[in-house]
Structure formats: structure tokens, C-alpha cells
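Each remark here refers to the structure printed beneath this line.
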Amino acid sequence: MRIHKGMTNSEISELLHIVSAAYEIKDKEKNKYKVIAYDRASVAVEHLSSEAKDLWDEGKLEEVAGIGTSIAKHLDEIFRTGKSSHFEKVLKGLPPGMFELMKVSGIGAKTAYKLSKELNIVSEKDALGKLEKAVKEGRVENIEGFGEQSQESIEKAISEVKSRKKRYLLPFATELAGDIIRWLKKDENIVNVDPLGSLRRKASTVGDIDIACASKDPIKTLEHFVKYKNTKRVLEKGDNTASIILANGAHIDLMVHEPSVYGSVLQHFTGSKHHNIALREYANKLGLSLSEYGIKSLKTNRKHKFSKEKDFYEYLKLSWIPPELREDMGEIEKAKENMIPKLVELSDIKADLQIHSAFNIETSHDLGLSNMKDIVKKANELGYEYIALTEHNPSRSGHDEKQVIELLKKKAKAIEQINYSLKNNDKKRVMKVYNSLEVDILPDGNLAISDKALDLLDFALVSIHSSFKQDKKTTTNRVISALNHKKVKIFAHPTGRKINYREGVELDWDVIFKFCKENSKWIEINAAPQRLDLPDYLVKDAINEGIKLTLGTDAHHIDHMDNMLWGVSVAQRGWATKADIINSYSLSEFEKELDR
DNA sequence: GCCGTTTTCGGCCCGACTGTTTTCAGTCG
């Protein structure tokens, strides 16, 4: 772990975690609550929506829940000098290698310290390799407190660190969970079964797949579960839970309980962890203690069971909180006041505002694969009232301005014909196809086509497809300058991120949001599973600033138009209501918004 | 070390599972 001036959130988070572990080793009893505080700060930084260093720049570090005067002071020293005298002191005397060992599942602070001492693993370099060697030579099982079984589980866990899987995209995880649920339902003891955790909260990526069951015979259900066809290894199996690893590396946890407590089980295992911690702290103040078994009065020790999740929240004098909001982002306070918003739903969506057709305008990036007619047919099946056809702009290298205008005129004419036939066909739900385009924002902030070419469109989307690494200020100015054109209405896939593949660009969101608000520009939530961009936490910020958002599937084939629901999930996690999402407006409302 | 609609002092979420021990500590979610 190297401390330096430019530490990123994940580095700072790791550092705080290490400091927590160091306190645990040095004097657990004395530092008990420091251990907790540093761990909480670590998680808080991990989940920040902006860089900690930027917050420090603006003097807002202490506003982060979990960071107080003391940690803020230490971080201040790091950002100013690249050093931390305090952290160095805390970590002094501990072998750096032990913190590497903590990356292995099942090895915490105490175990890591013991192993690094006994096996003389001092430096960070190849710490895991040394541990692996010791395991293979059978040296670990002879250490006091270890045995044959713990040695074996360390061996397996090391190989899992090495092949650690990236998080699954939401649709993949949904599909996989669906298959396991179908298998579980073959057990006749099962009363209810639901996907839980980040899957139920519809997070953009899912790590482990969590599933909960209500069963008349939990033991038998667990036995049935571990016989799932793709099981490679059973990690653990007790009376109420079991974990398996599948051949593809997926980690599946099942929690099984009696139907009478299913409501609290559902609540408990949906999380998030932060939501649950906040909820339990809130319950404590009411003299109540929460667990997956229900709610206990701290005074009388009397227990209440809940078969339904809604009753669980009601007992706490809270309105039911949709899983998508359970991230400890203010939802408990809102539930107290009965002010949980009615979130936008897939059935509210009346349009898809980013679709690429196969109409060949010799685009700069990939052209769509389905023709306009099939797209309109599909849009009808989805019950839409209007759509926008948004191919990429004609390539700059292959065309001069005159040629670009010719191509766009051809496309405009094709769309005009489609609109004409829609007008004369009452049976169709789609009433209008918009002539749009996804225009590249060039590195200097200019657009890839001229204003004269833009004038041929109803409106344009703009997006970044090159130079992702510019600094924050340059990128921000670049985007503002692109959005400033009259015909430009939507900032599409704004961060440019590709999940598990590419981080997004750096933008000053305050500046972007302010500009969009003042100039009636919209920001897209791109529903393509590998993008889901704008990300959920920024959706929440945007909505707080009064920005209107659009949903677009970025479909390059009619099948992709079914991806709208993933975009809706992001909107929901960002607390979006119908009013925040332009696509939920009727055609006439949309027309009005377009003219603003 | 953090935090506040009972508190600027005195609390700090809760329980399952595992392995090694012989009643529990460590880890995890």
C-alpha cells in the first residue's frame, strides 16, 4: 500500500481498511470502536460518487458521513504532502505482507497477522505466492489454531482470489438466478422463493447471487439446493444457509427459513448492508432490535414474527421502501414521513429515444442491423407512442459537408414517408418517428457535423466516443460547448463508461447539471446493460438539481429494444418518478418539452 | 473515531457458520 498525493477512492478505501486491521491487531479491546469507525470510513469512501480528493479540494470532506475531524485531518495531510505521519505510526511494526493476505476470503486481520508471522511473510511482494507455497508444502496445518481443514480452505480461497471474477451485468445475473429458482421450485417443501441482495435492488452489477426461500423443511431444501446441476463446490451448508460455487465461478448463497418469518428474511437479505445497519440503529432508538427472525423488544424481550415484508416496515412506523432505494441514501427518513416517491415503471414508458437503424448514412461508428420498418413494428409491440432514430453521424473522414447533407436529406425523406403512413393508419400506436442523430463530440468540443446539417434534424443527441482521458475541466468545457447548439437536446451515455471494461470520463457534474437546467437540455440514461449510463447515483444528483432525463436502449437491433427495463432499473435506483423521465410523457407533452 | 428529533458524552447492528477448541474466536454479509 503506497501512500501518495493522488490517491484514488479505492486506494484510500483500502488504506482505511488496513488501518482498521492494524488497530485490531495492536489492541482490539482498547481500539474496538476505532476498528469499526475506520471500517465504516473505508466503505464510505468506496461508495462516494465523487473523488475524495475533489471533495477535499472543495473543503467538503468532513460532510461525508463516516469521516470526522480526525480522519479528514489525516487525509488532508496525504493530499497536501503525500504522506501520513499518523497512519505510518499505526502501521509501524506490522508486516506489510499481512494486508495482502487479507484479500483472501476467510482471512481477516488476526489470521493474516498470525500467518505472516509464522510463515515470515514480511513484504507485500509475492505475499500470496508465499502463502500458497506454504499451503502446498503443508506448513499451515501445523500452526497452532490451524488444521487440515483450514489449510485446505485457504488453498481453495487463494485460487479463487487469482481467478476472481468481475461482477456480473444485471441481465446475466437475473437470468442465472432465474435458472436456479426454477430448480429450487422442484422441491415440494418450498413456499416462496425470491432473488435478493443487489439483484433484488437491481444494482447495475451483481457480485454474489443471493436467493431466499420460505420452506416447510429448510434442511431438505438446502440439500436439494446443493444438488443444482452446475454446482462445482459447496462452500458451506448449515441449518439455514448454504453457499455454492458454480462451474462458471458464480457464487450462490441460499437462505432458508420458516414461512412465518419470511417477511423479515426477505428484508434482511435484500440489504443493502448500509440500509440494514441504518435501519437497526433507527430501531434501537425505538427500543427494538432487528434480525432475520423478526423484531424484538429490548425491554420485554418479546419477539414479533413477520411473514410479509411490508408488515415488518409498518411495525417500525415506516412506509414500505422499494428495494431499489435501500442504499442508506435518505430512504429511512423519507419512509418515516411517508414521503417515499412513486417510482417510474416500465409500463410508464412511451418512447425509446435512442435507436440505430440500418438505414445507411455511412456512419462514423457501427450502423444498426434492423430496418426502419421493423423498428416501428417492434415499437408498436412495445406500446410506444413515439421513437427517435439516432444513427451515428456520417463519418467525417469519408464525406465533405455537402455529402453529409445529401445523406441526411435521404434519411429525412425516408422518415417522412414512414410518418406519412403512420398518420393514415389508426391501428398503430406509434404516432411519430423522430428524425434524430447521435453526433460525436470531437475532442475540441466541436460537433462532427455542421449546424446546417444539424438543421435537417428534429433534434440531436451528442456523445463522447474518443479522447476519454482528457482532464476534468477540458472534458467539462468540451461537453458544454457541444450541448450549446440549438438542435442538441440530449447528452447521451454521459460518462462513456463500459462496465468491467472502461471507466468513464471525468466531468464536473455541478457545472453540467447547471447548464442543462438553465438551457433545457436532457441527460440520457442509456439502457444498454454494459453501459447503464448515467449511473444511478448521478441520476439521483441530477434529479435533485431538477434535470430531466431520457431513456434510450441504444438498440442496434430490434431485440435490443427489450433492454428498456434495465434503464428503468437505473432510473428507479436514482429515485426517478414519471415526471423526471421525458419518455413517460405523451407525444403532445413531449412536443412541448422539445420546444422549450 | 464518529455522531446527535431523548445525547457534545456515551453509546456504537445482528446473527450464522466454521474450525478448533472444549466454550469460543474469527470472519462474513
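Only this structure's heavy atoms are used, side chains among them; waters, hydrogens and symmetry mates stay out. Throughout, protein chains are lettered first and strands after them, A, B, ... in sequence-line order, and every chain is numbered starting at 1. What you see is a predicted model, and the numbers here were worked out from it, not measured in a lab.
The phosphate of B/dG1 (OP1 or OP2) has a side-chain N or O of A/S70 nearer than 4.0 angstrom. Contact annotation: A/T241 reaches the phosphate of B/dC17 (side-chain N/O to OP1 or OP2, under 4.0 Å). Close to B/dT27, at under 4.0 Å from its OP1 or OP2, lies no side-chain N or O of A/S105. Dashed line: the shortest gap from a side-chain N or O of A/S153 to OP1 or OP2 of B/dT18 is not under 4.0 Å.
Where A/A72 and A/G147 meet DNA chain B, the nucleotide closest to each residue was compared, and A/A72 sits on the side nearer the 5' end. Between A/L235 and A/G108, the residue anchored closer to the 5' end of DNA chain B is A/L235, taking for each the nucleotide with the nearest heavy atom.
A/D580 and A/T577 are linked by a side-chain donor-acceptor pair at a separation below 3.5 angstrom, with hydrogens and angles left out of the test.
No cation-pi contact links A/K310 to A/W320, judged by a cut-off of 6.0 Å to the six-membered ring centre and 45° from its axis.
Note on A/I277: a base of the nucleic acid sits closer than 4.0 angstrom, heavy atoms only. Among the heavy atoms of the strands lying under 4.0 Å from A/N284 are primed sugar atoms or P, OP1, OP2 only; no base atom is included. Looking at heavy-atom distances under 4.0 Å, A/K110 makes contact with sugar-phosphate atoms alone, never a base.
Put simply, CD on A/E148 is 13 Å from P on B/dT21, counting in whole angstrom units. Atom CD in A/E144 sits roughly 14 Å away from atom C1' in B/dT22 (whole-Å rounding). Straight-line distance from the CD atom of A/E236 to the P atom of B/dG15: 18 Å, rounded to whole Å. Put simply, CG on A/L298 is 15 Å from C1' on B/dT6, counting in whole angstrom units. The distance from atom CZ of A/F269 to atom C1' of B/dC14 is 11 Å, rounded to the nearest whole Å.
Both thresholds, 5.5 Å between centres and 30° between ring planes, are met by A/Y33 relative to the base of B/dC12, so the two rings are stacked.
Remark: B/dT18 base-pairs with B/dA25. Criterion, Watson-Crick or G-U wobble with two distances under 3.5 Å.
In this structure A/E88 satisfies the salt bridge (charged side-chain N to carboxylate O under 4.0 Å, His left out) test with no other residue, sequence neighbours excluded.
If you take atom P in B/dA16 and the same atom in B/dG11, they sit 26 Å apart, rounded to whole Å. As rounded to the nearest Å, B/dT20 and B/dT27 have P atoms that lie 14 Å from one another. Separating the P atom of B/dT22 from that of B/dC28 is a span of 24 Å, rounded to the nearest Å. For B/dT7 and B/dC3, the C1' atoms lie 10 Å apart once the distance is rounded to whole Å.
Ion pairing between A/R80 and A/D76 holds under the 4.0 Å rule for side-chain N and carboxylate O.
With rounding to the nearest 0.5 angstrom, the CD1 atom of A/I211 is 5.5 Å from the CG atom of A/L184.
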